[in-house]
2 protein chains.
Amino acid sequence: MITKKPDSLIYVVDDEFAVRDSLSLLIESTGQAVRSFASAEEFLDGYDPDCPGCLLLDVRMPGVSGLELQELLLNRGISIPIIFISGHAGIPDTAKAFRAGAVDFLEKPFSDGLLLKRVEEAIAIDIANREQREGQDKIQSRLALLTAREHEVMAQIVGGHSNKEVARVMGISNRTVEAHRSSIMEKMQASNLAELIMMVTQAGILEAKPNSGHYPFSGGGG
Amino acid sequence: MITKKPDSLIYVVDDEFAVRDSLSLLIESTGQAVRSFASAEEFLDGYDPDCPGCLLLDVRMPGVSGLELQELLLNRGISIPIIFISGHAGIPDTAKAFRAGAVDFLEKPFSDGLLLKRVEEAIAIDIANREQREGQDKIQSRLALLTAREHEVMAQIVGGHSNKEVARVMGISNRTVEAHRSSIMEKMQASNLAELIMMVTQAGILEAKPNSGHYPFSGGGG
DNA sequence: TAGGCAATGCGTATAAATACCTAGCTTGGG
DNA sequence: CCCAAGCTAGGTATTTATACGCATTGCCTA
């Protein structure tokens, strides 16, 4: 094909054309693909959930503000890393953005180098998050194949109980537990107890911490 | 005893007496214990690592600033949740604070209710972090009991390999592997393969993400 | 130098898991 | 009404894991 799909996409959302234009030029100079939008609605329409990327988002915009878009994305389960950009924002907005998971908050004017560094960082975060979610989704789809009874048995097994114990607790025969266990291992595509436990643990983290999203950082570095 | 030890401690660090005083009074009115310090150095001296709590920290102070203290605490591995308080701070400082793991950043004047809410939140975070670290420390101390050979064997076992496979890969006898396995289970105080795997997984997370620290949040809520 | 510990190995025995097979019962859908 | 699917259970055989005890070698330390 002629127009090849980029491996990552930077979205720029700002109501001012001049800002979109200069940001686009800056980022495109590094060879990365950019898509610009003048409003939150346009972005939601043009967002490609299948491509890793990050979002450069203006805080103040007519209509849906940047912070409102952030909340909207959270509610929709869209977890693209957001770098806020603002000319004159206050501490409360900044704090709110960060507490809602923003990767960074840059005040204009900022250095080109800093922005590009943050963009790179954000994309790396998104890629890592996507990989993690991909693995979790695969496990979830396997878990969906299990029957209710198999779920019960699996919980016991992962909890460290032997077939005999499971049989006693559930009030069924040893053979029945073995049969369930066998189909569990097959459906989960686990060749070991170890693998099964790893899968359940990974999927369990998904359920326990739905929004840990970003932040594989250690320190400030800014 | 007469002076009972509080279950949590709020540290207030600000160079202005008036600020320390009003914050202390506000927090003490909820029945929580407070310790005030006029400088970063004083705080470092009076900090009790064994008691859960949080830190209300002024950004600008003569000598070591709030942000510098935050970095200092990070470097020393002290992970007390920090709520920054500032009269006139900029976005860059706010962003830096959050990126370094701050729980919140409040601009004066702020409502008493908001502060108290954040303090409660921060303490909950610290307690959760401490519980997690406690568990990990316990596992680490057990791992330290293992010999080098036992570590190798454990890695294989947790990786899902049977004793026979481990024996073949390591070039030793089946019986030797069994002996190692037995002492591993004993030293790790695991009664199951499942428990052993859980422990190693938990400890492994510790090594992989040393600074995920705070942030069990979902959204802004402020 | 003696004792302790780690690593290695063997024997024996029991317990548990796995891999095959078959089969009755129930429930929901074509 | 029958078939598919799920839950149940038994038989048999093999493979693994566990739990005892015992012995040798090498290294480090009291």
Side-chain angles (χ1 to χ4, degrees), chain A residues 137-204 207, chain B residues 136-204 206-207:
Chain A
D137 288 350
K138 195 185 292 175
I139 295 170
Q140 285 295 342
S141 66
R142 290 177 194 170
L143 282 173
L145 299 175
L146 299 183
T147 66
R149 209 60 171 159
E150 285 165 353
H151 267 287
E152 290 180 57
V153 173
M154 189 180 66
Q156 301 269 328
I157 291 173
V158 171
H161 301 285
S162 70
N163 287 356
K164 187 186 282 184
E165 288 173 309
V166 177
R168 186 178 48 75
V169 170
M170 293 181 63
I172 57 180
S173 139
N174 205 325
R175 302 310 172 89
T176 306
V177 177
E178 288 174 17
H180 285 315
R181 184 173 188 139
S182 172
S183 66
I184 289 168
M185 298 300 281
E186 192 181 358
K187 287 180 180 176
M188 294 300 291
Q189 296 176 39
S191 47
N192 298 315
L193 175 58
E195 282 186 15
L196 183 70
I197 292 173
M198 295 292 192
M199 289 186 200
V200 174
T201 303
Q202 206 177 328
E207 291 160 19
Chain B
Q136 289 174 339
D137 288 351
K138 195 185 293 174
I139 296 170
Q140 286 293 343
S141 67
R142 290 178 193 170
L143 282 173
L145 299 177
L146 300 182
T147 66
R149 208 60 170 159
E150 286 165 351
H151 267 287
E152 290 180 56
V153 172
M154 188 180 66
Q156 302 268 327
I157 291 173
V158 170
H161 301 285
S162 70
N163 287 355
K164 187 186 279 185
E165 287 174 309
V166 177
R168 186 178 48 75
V169 169
M170 294 182 63
I172 57 179
S173 140
N174 206 325
R175 304 309 172 86
T176 306
V177 177
E178 287 173 19
H180 285 315
R181 183 173 189 138
S182 172
S183 65
I184 289 168
M185 298 300 281
E186 190 182 357
K187 288 179 179 176
M188 295 299 291
Q189 295 176 40
S191 46
N192 299 316
L193 176 57
E195 280 184 18
L196 183 70
I197 292 173
M198 293 294 192
M199 289 185 200
V200 174
T201 303
Q202 206 177 327
L206 176 75
E207 289 160 17

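All chains are named by letter (A, B, ...) in the order of the sequence lines, taking the proteins before the strands, and each is independently numbered beginning at 1. Heavy atoms only: backbone and side chains are in, while hydrogens, waters and symmetry mates are out.
Residue B:Thr147 has a polar side-chain atom (N or O) positioned under 4.0 Å from OP1 or OP2 of C:dA7. At least one side-chain nitrogen or oxygen of B:Ser173 sits closer than 4.0 Å to the OP1 or OP2 atom of C:dC10. Residue B:His180 places at least one side-chain N or O closer than 4.0 Å to OP1 or OP2 of C:dT8. For B:Asn163, a side-chain nitrogen or oxygen approaches OP1 or OP2 of D:dA17 to under 4.0 Å.
A straight line from CD1 of A:Ile184 to C1' of D:dG6 spans 13 Å, rounded to a whole angstrom. The interatomic distance linking A:Arg168 (CZ) with C:dA16 (C1') rounds to 15 Å, in whole Å. Rounding to whole angstrom units, CD of residue A:Glu150 and C1' of D:dA5 are separated by 11 Å. Here the C1' atom of nucleotide D:dT18 and the CG atom of A:Leu193 are 16 Å apart, to the nearest Å. At whole-Å resolution of the value, CG in B:Leu196 and P in D:dT18 are 10 Å apart. In this entry the distance linking CG of B:Asn174 with C1' of C:dC10 reads 12 Å, nearest Å. Whole-Å rounding puts the B:Lys187 NZ to C:dA6 C1' distance at 8 Å. Across the protein-nucleic acid pair, B:Met185 atom CE and D:dT16 atom P stand 18 Å apart, rounded to whole Å.
A distance of 13.0 Å separates OG of B:Ser141 from NZ of B:Lys187, quoted to the nearest 0.5 Å. The structure places CE of A:Met188 at 5.5 Å from CE of A:Met199, a figure rounded to the nearest 0.5 Å.
Side-chain atoms of A:Gln156 and A:Glu165, non-hydrogen and from C-beta on, never get closer than 4.5 Å to each other. For the pair B:Glu152/B:Val166, no side-chain contact is recorded, criterion being any heavy-atom separation below 4.5 Å from C-beta on.
Among the protein residues, B:Arg175 comes within range of the nucleic acid bases, having at least one heavy atom under 4.0 Å from a base atom. B:Thr176 comes within 4.0 angstrom of a base, heavy atoms only.
For B:Glu178, the side-chain atoms get nearest to D:dT18 when compared with the rest of C:dA7, C:dT8, D:dT18. With distances taken from any side-chain atom of A:Arg181 to the nucleotides C:dG9, C:dT18, D:dT8, the minimum falls on C:dT18. Listed nucleotides: C:dT8, D:dC7, D:dT8. Nearest to the side chain of B:Arg149: C:dT8.
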Residues 176-183 of chain B, side-chain donor-acceptor partners within the protein, below 3.5 Å, at least two apart:
residue, atom, partner, partner atom, Å
B:Arg181, NH1, B:Asn163, OD1, 2.6
B:Ser183, OG, B:Glu150, OE2, 2.7
B:Ser183, OG, B:His180, O, 3.0

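Residue order along DNA chain D, read from the 5' end via each residue's closest nucleotide, puts A:Ile172 first among A:Ile172 and B:Ser162. Nearer to the 5' terminus of DNA chain C, by closest-nucleotide assignment, is the contact made by A:Lys164 (compared with the other of A:Lys164 and A:Ser182).
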